[in-house]
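We name chains A, B, ... by the order of the sequence lines, and we start the count at 1 in each one.
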Amino acid sequence: MLKFRESLVSSHHNYVLNQMLTPGFVVGNPDLKEGFFFLADVVQPGESGSRIYCRIYDSQGNFVLEAEPDRIVTNPLGCLRQPLSGGYRMVLPSGEPLLSVQTESFANGSLTRIQGKLYDRAGKLRMEPHFDAVLVHGESVLWLKDPFRKR
Amino acid sequence: MKMKQNSTWQGVWVFGDYRNYFQNRVTLQLIAKGRLLARHLGTEVTVLLLGSEIHQYAMEYTAHGADVIMAVDHPALKTYQVETYVRVVSQLVQNFRPEIFLAGATAFGREFFPRLAKRLNTGLSADCVALEIDPENRLLIQTTPAFGGELLADIVTPEHRPQMATVHPGVFVERVHDHQATARILYPEVDLQAEERVQLIRSRPDQTRKGGLENAEVVVVGGKGMGSKENFQMLFELAQLLGGDVGATRPVILSGWTEESRLLGQTGKSVKPKLLITAGTSGAVQFTTGIQGAETIIAINRDPHAPILKMADLGLVGDARTVLSLVLEKLKKRL
């Protein structure tokens, strides 16, 4: 039998993760008040763009920022959120890129690609660039059928 | 492939031919039919998708009713090459063992599917106009025109698997796009390393071809009752005024009045226009099979007992050339 990888695909919007499509995914635990998480939440019909929530750290385990889909909510280092074609990117004050999120629209749906090298509070690598999207490591749910958080 | 145990072959597969996606709807039509067949068999419909950067099509096929997408996304598959595709797909079929495998009877399907059937050592019914499951033995009944379209033959493949068929565009109706749909998506690890004997240097579209008769919203069809090749040209004039295209019956093709690519019916194309006008066609079953999806049919025939007048929404009894001359005159004045 051939080996295969399995995921879920939505007809409306997907993210590219580990070279697969997925309507949404979670790395880490978004319900905890502290610690790393990255939630690429399900985008429902009628919504556009992406729905990214995250709390990220640097490779030394120092807190960098916490963000919601439209803004950075906790920002001790003064990181910037800059618009990109079809999305945005977040950069350190030095200009060093942290994360980019870009959504490509088709006739009947859309696809979001995420790029970034993200670490947890222990300084462990949890997400890294992989081809034109990301690869994730550690505790994760690779596909969500329904939204994790309500708008 | 000789079947050893019936139960080891399960599922309905549809080959995802996404070239000219928004015009070529046959894959979507086959997903809809495949889903019905799969439900009848208590299984799933899977769309097999080969290519590079195929995410958009995986989403479209999900929206149109696929239960499962089998995706092989690799730069080596970006351009269709028959040897590669046959090798990859035969690997997948031998591993996943679908009991039914369908493809559109397009130029692509007509080249690719016979080679695949040969590689898999199974049968193939080409240009099917109907597909049903035999409730007694779960076999796929594949209905295909035979003897130049004079007969319809019901074919089954009792011993070999998968049961393979190509189907005319327009025979089945696609499901409505569902923005809420989800499907499982599988990414099999296939061997793409083999060297091919044929190398593609370049390809380019044929600039002489237009949007296609199958997708025209207005179709004007002429039969032998048009009388001559010169009279047949009136149909092109009418089609141009109405923004449509021209189809023909087999006797017209045999007389050399127009090219074979315009043939409608069991051995030709199937159309589903909003408006179809027939002129000088009697309504033989091998022709009407190709027009039964038309929303409105207007038929012109001098014989009041012609079968086409029974099928038409509006029938005009009269000489097709005379009626068409009057229609053209009126239309030209109005436009």
*Asks:* Tyr85(B): what forms a ring pair (Phe, Tyr, Trp, His ring centres under 6.0 Å) with it, not counting sequence neighbours?
*Replies:*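 By the ring pair (Phe, Tyr, Trp, His ring centres under 6.0 Å) rule, Tyr85(B) matches Tyr80(B).
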*Asks:* Tell me the closest heavy-atom pair linking Ala40(A) and Ile114(A), and the distance in Å.
*Replies:*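 Nearest heavy atoms, Ala40(A) then Ile114(A): CB-CD1, 4.3 Å.
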*Asks:* Report the option among Ala183(B), Ala63(B), Pro188(B) that has the most heavy-atom pairs separated by less than 4.5 Å from atoms of chain A.
*Replies:*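 Answer, by heavy-atom pair count under 4.5 Å with chain A: Ala183(B).
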*Asks:* Establish, yes or no, whether a centroid distance under 6.0 Å links the rings of Phe108(B) and Phe113(B).
*Replies:*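 Not under 6.0 Å, so no.
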*Asks:* Starting at CD1 of Ile100(B), measure out to OG1 of Thr157(B) and round the result to the nearest 0.5 Å.
*Replies:*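 Answer for the CD1-OG1 pair, Ile100(B) versus Thr157(B), is 9.5 Å.
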*Asks:* Which atoms form the tightest heavy-atom contact between Pro98(B) and Pro162(B), and what is the distance?
*Replies:*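 Taking every non-hydrogen atom into account, O-CB, 3.2 Å.
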*Asks:* Give, as side chain, backbone, both or neither, the part of Ile69(B) having an atom under 4.5 angstrom from any heavy atom of chain A.
*Replies:*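 Looking at Ile69(B), just its side chain touches chain A.
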*Asks:* Atom CG of Leu192(B) and atom CG of Leu77(B): how far apart are they, to the nearest 0.5 Å?
*Replies:*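 Here the interatomic distance stands at 5.0 Å.
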*Asks:* Identify the heavy atoms of Ser270(B) and Val171(B) that sit nearest to each other, and give their distance.
*Replies:*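 Heavy-atom minimum between the residues: OG-CG2, 3.9 Å.
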*Asks:* So which donor and acceptor atoms of chain B and chain A come within less than 3.5 Å of each other?
*Replies:*
from      : atom 1 : to        : atom 2 : distance (Å)
Glu53(B)  : OE1    : Arg113(A) : NH2    : 3.0
Glu60(B)  : OE1    : Asn108(A) : ND2    : 3.3
Glu60(B)  : OE2    : Asn108(A) : ND2    : 2.7
Asn95(B)  : OD1    : Leu2(A)   : N      : 2.8
Asp178(B) : O      : Ser11(A)  : OG     : 2.7
His179(B) : O      : Ser11(A)  : OG     : 3.1
Ala181(B) : N      : Ser11(A)  : OG     : 3.4
Ala181(B) : O      : Ser11(A)  : N      : 2.9
Ala181(B) : O      : Ser11(A)  : OG     : 3.3
Ala183(B) : N      : Val9(A)   : O      : 2.9
Ala183(B) : O      : Val9(A)   : N      : 2.8
Arg184(B) : NE     : Glu6(A)   : OE2    : 2.9
Ile185(B) : N      : Ser7(A)   : O      : 2.9
Ile185(B) : O      : Ser7(A)   : N      : 2.8
Tyr187(B) : N      : Arg5(A)   : O      : 2.8
Tyr187(B) : O      : Arg5(A)   : N      : 3.1
Tyr187(B) : OH     : Leu21(A)  : N      : 2.8
Glu189(B) : N      : Lys3(A)   : O      : 2.8

*Asks:* Who among Ala71(B), Ala181(B), Ala58(B), Ala66(B) has the most heavy-atom pairs with chain A under 4.5 Å?
*Replies:*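 Max contact count across the listed options: Ala181(B).
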